[in-house]
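The next block holds one structure in the form of structure tokens; read it before the comments.
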Amino acid sequence: MLIRNILIKYWGYSAFRPMQQEIIESVMLRKDTLALLPTGGGKSVCFQVPTLSMDGVCIVVTPLIALMKDQVVNLKKKGVKVFSIYSGMQFSEVEAAYNACVFGDAKFLYVSPERLSTPAFLENLKRMKVNLLAIDEAHCISQWGYDFRPAYLKIAEVRSFIPKVPVLALTATATGKVIDDIQEKLNFRQKNVLQRSFERKNLTYVVLKEENKLVKLLYILNHSKGSAIVYVRNRRKTKEISSYLNQHKIRSGYYHAGLDSDVREKMQDDWTKGSLPVIVATNAFGMGIDKPDVRAVVHMDLPDNLESYFQEAGRAGRDEKNAFAFILYEDSDVLDLRKRFSISYPKLSEIKNVYNAIGNYFQLAVGSGKDQSFDFDMADFSQKFKFSNLLTFNALRFLEKEGYLFLNEGIKNPSRLLMRMSREDLYRFQVENPFYDHFVKILLRSYSGLFTEYTSINESEIAKRTDLETEAVKSYLARLHKLQVLDYIPKKSKPQLIYGVERLDQASLHISKETYQLRKKSAKQRLQSVIDYVQDSRCRNQLLLAYFGEKDVKRCGKCDVCRERNKLDVNELEFENINQKLRPLLMIRPYFLQEVIEKLEEFPEDQVVRVIRWLQDIEKIKTTEDNRLTWDTQQRLKL
């Protein structure tokens, strides 16, 4: 079978993971397809395999530049011709990528969603032989999704340029409402959803209410054999908790977007290779990570929504062996979550003020700046214009979703080279300029493909081979660039702020009040789902799967709730029947224990008592001053 041969050739696997083959076959029948696979389910294979079996190029739309780069690097290692275009690239790089896809044998073109509406993309698209349009993180197209991006709405317009090309939309997290919305917004010819259950049978979800989280973290990590990820909300905590773990003989590193890209890369490499068993990180860590032996993921703070939590927790146990996902929380964390939510949506006037100040910070004229990138020091900017860092961050996040600005937080862009001269012209140049001859020969020996595509280089490695200092190598490359021998793009590791559209004056910056309120309301509902999740007395697995539309799921039998329930010696049906009568009864008014037993006379007394005792233990049932039982209606905090 052709697709199986491709899987063996490029990935070394003899069999597909569940649902992968069905999705690939649907695509190859040219059907518009929405594929829902859990984190680690192998979504990229679903568009990479069919593309490699067909003539033409696959356009891959993804909002995650880090993930885009990972996939490009991995495909290149397999010998596949692949290119990427995203905001902030040099014009010459973009042009070279388009030419390769139009005239060359490129198989994949990765683009950011903002690129889709540009005239250059649409003109080149008409000339490409496209075999598939793949939409990663497809939930971003839905206003009901947790990461809505207006730029994704442009995809429907792109389809009119390639009307016969099928669409494959992929996501790991989508509710029923979002599933319908994705297909509608992408103009599916007919509905076609291929979904693998989100259930991860090898993954145990545990929520622990803890006052001393660090002590509990030590206990968890000391009893976890294998790698672990500890997620925290702010950058300061990553270093503090990592230091605490190291002091207690648990080797760990820390990771956040504010670190220098070389430091981040080393931390990630050390963790991936196993020399650092534990990484303490913000949610900047994880995209593109496919480490199979993660035994535990621990959240020290409550996540903003269940979608992101499900993705982060899902990084544990990808080898199908038993693994755990923990949330450690206390009552104050719920209050903090509510407070963070209230400040994460700045006033519209504040967002506009931040936008205007950024233009002034870069001394950028109104009407200019489209697709330009600038080194951006958020702390320096905030201090100069007297904004809090938090206000700047949240305003930028909103402006990013509206497509005005994009912040690439220090994603490492290695230096790149492309020979501008042909081989014959370059030879003549070397003969006429012997000063550069040895240096050019070293470049050609060290890197292949310099004449056909931009190639990542390492100045330090070139310095070793040429017996020069690294700064001298950079000087040589800069001079050769000036002489138009080659195109040299030095690496950037600082955060880059990119203008998606030309700078607007403050009056022309349009942010819909209705859209703003809609997003805020939707985010508020998702936040409440997190609070409900940690405070509910039902199976964690059932709660998560129900959130994503899977209703008829049995108790997992191993989460923290199920383990306590298992001690009751009351089966699931008996428990639910008693609970369904007990809860509404005690919500009306308090009752003495004996009164409750009499009211629930259809059930054995010992079972009723055990269920009540258990509900008291988890603080669902409270006892009044006169020893009557009442359902704690305040326990489930609302925003």
Side-chain angles (χ1 to χ4, degrees), residues 63-65 86-88 112-114 140 143 146-152 233-236 256-258 282-284 304-305 308 336-411 492 494-524 527:
L64 303 167
I65 294 176
Y86 49 87
S87 299
S112 56
E114 295 74 28
C140 293
Q143 65 179 352
Y146 72 102
D147 196 18
F148 172 59
R149 290 175 181 251
Y152 263 65
R233 184 167 289 277
N234 66 54
R235 297 175 178 183
R236 175 180 50 80
H256 59 73
T282 61
N283 60 9
D304 289 330
N305 54 72
S308 58
D336 288 343
L337 196 64
R338 295 166 65 190
K339 183 179 178 182
R340 279 196 302 272
F341 175 79
S342 67
I343 60 178
S344 64
Y345 280 83
K347 296 175 183 176
L348 292 178
S349 59
E350 292 175 325
I351 295 172
K352 289 186 174 184
N353 288 339
V354 169
Y355 175 84
N356 192 53
I358 288 171
N360 295 337
Y361 184 65
F362 296 126
Q363 298 183 331
L364 191 64
V366 171
S368 64
K370 180 175 168 56
D371 287 333
Q372 288 186 36
S373 62
F374 303 88
D375 289 345
F376 185 60
D377 185 331
M378 190 182 297
D380 179 64
F381 165 79
S382 299
Q383 185 178 17
K384 274 188 177 176
F385 290 89
K386 296 181 170 54
F387 296 125
S388 70
N389 280 336
L390 200 56
L391 171 60
T392 299
F393 174 80
N394 287 318
L396 272 173
R397 196 168 66 164
F398 198 88
L399 290 165
E400 190 170 37
K401 289 188 176 181
E402 289 293 313
Y404 292 116
L405 296 169
F406 304 95
L407 181 64
N408 294 341
E409 294 203 36
I411 295 170
K492 289 185 176 181
K494 291 182 179 178
Q496 298 291 299
L497 196 66
I498 302 144
Y499 274 77
V501 298
E502 67 278 357
R503 183 190 174 184
L504 304 170
D505 61 60
Q506 198 161 343
S508 301
L509 183 70
H510 176 69
I511 300 174
S512 165
K513 189 174 182 180
E514 291 74 23
T515 300
Y516 178 89
Q517 293 298 340
L518 181 67
R519 285 198 203 158
K520 188 173 182 179
K521 181 181 177 182
S522 183
K524 190 173 183 180
L527 198 62

The test is side chain to side chain contact (heavy atoms under 4.5 Å, CB included); show your working for F385 and N353 and say whether it passes.
CA-CA 10 Å; F385 290 89; N353 288 339; over 6 Å; no

Pairwise distance [atom1]([X]) to [atom2]([Y]) - rounded to 0.5 angstrom:
{"X": "Q517", "Y": "K524", "atom1": "CD", "atom2": "NZ", "value": "10.0 Å"}
{"X": "I343", "Y": "R338", "atom1": "CD1", "atom2": "CZ", "value": "14.0 Å"}
{"X": "L399", "Y": "Y499", "atom1": "CG", "atom2": "OH", "value": "9.5 Å"}

Kindly say whether [Y] contributes a backbone atom to a donor-acceptor pair with the side chain of [X] at under 3.5 angstrom?
{"X": "N305", "Y": "A523", "answer": "no"}
{"X": "D505", "Y": "S508", "answer": "yes"}
{"X": "S382", "Y": "M378", "answer": "yes"}
{"X": "Q383", "Y": "D380", "answer": "no"}
{"X": "E114", "Y": "G403", "answer": "no"}
{"X": "S344", "Y": "F341", "answer": "yes"}
{"X": "S368", "Y": "L364", "answer": "no"}

Are [X] and [Y] side-chain neighbours, meaning at least one heavy-atom pair lies under 4.5 Å?
{"X": "Y355", "Y": "Q506", "result": "no"}
{"X": "I498", "Y": "Y86", "result": "no"}
{"X": "F393", "Y": "V354", "result": "no"}

Does the side chain of R503 come under 3.5 Å of the side chain of N356 through a donor N or O and an acceptor N or O?
yes

Going by distance alone, is a donor N or O of one side chain under 3.5 Å from an acceptor N or O of the other, for E350 and N394?
no

Nearest non-hydrogen partners of [X] and [Y], listed with the distance:
{"X": "L337", "Y": "D304", "value": "CD1-OD1, 3.9 Å"}
{"X": "Q496", "Y": "S373", "value": "OE1-OG, 3.5 Å"}
{"X": "F362", "Y": "L497", "value": "CE1-CD2, 3.6 Å"}
{"X": "I351", "Y": "P346", "value": "CD1-O, 3.9 Å"}
{"X": "A257", "Y": "T282", "value": "N-OG1, 4.4 Å"}
{"X": "Y152", "Y": "P63", "value": "OH-CD, 2.8 Å"}

Among K352, R397, R519, find the one that has a salt bridge (Lys or Arg N to Asp or Glu O under 4.0 Å) with E402.
R519

Set of residues satisfying ring pair (Phe, Tyr, Trp, His ring centres under 6.0 Å) with respect to Y516, sequence neighbours excluded
Y345, F398

The ring pair (Phe, Tyr, Trp, His ring centres under 6.0 Å) partners of F387 (sequence neighbours excluded) come to F381

Do other residues, nucleotides or ligands put more than 12 heavy atoms under 6.0 Å from the NZ atom of K370?
yes

Worked check of side chain to side chain contact (heavy atoms under 4.5 Å, CB included) between I358 and L405:
CA-CA 10 Å; I358 288 171; L405 296 169; 3.8 Å; yes

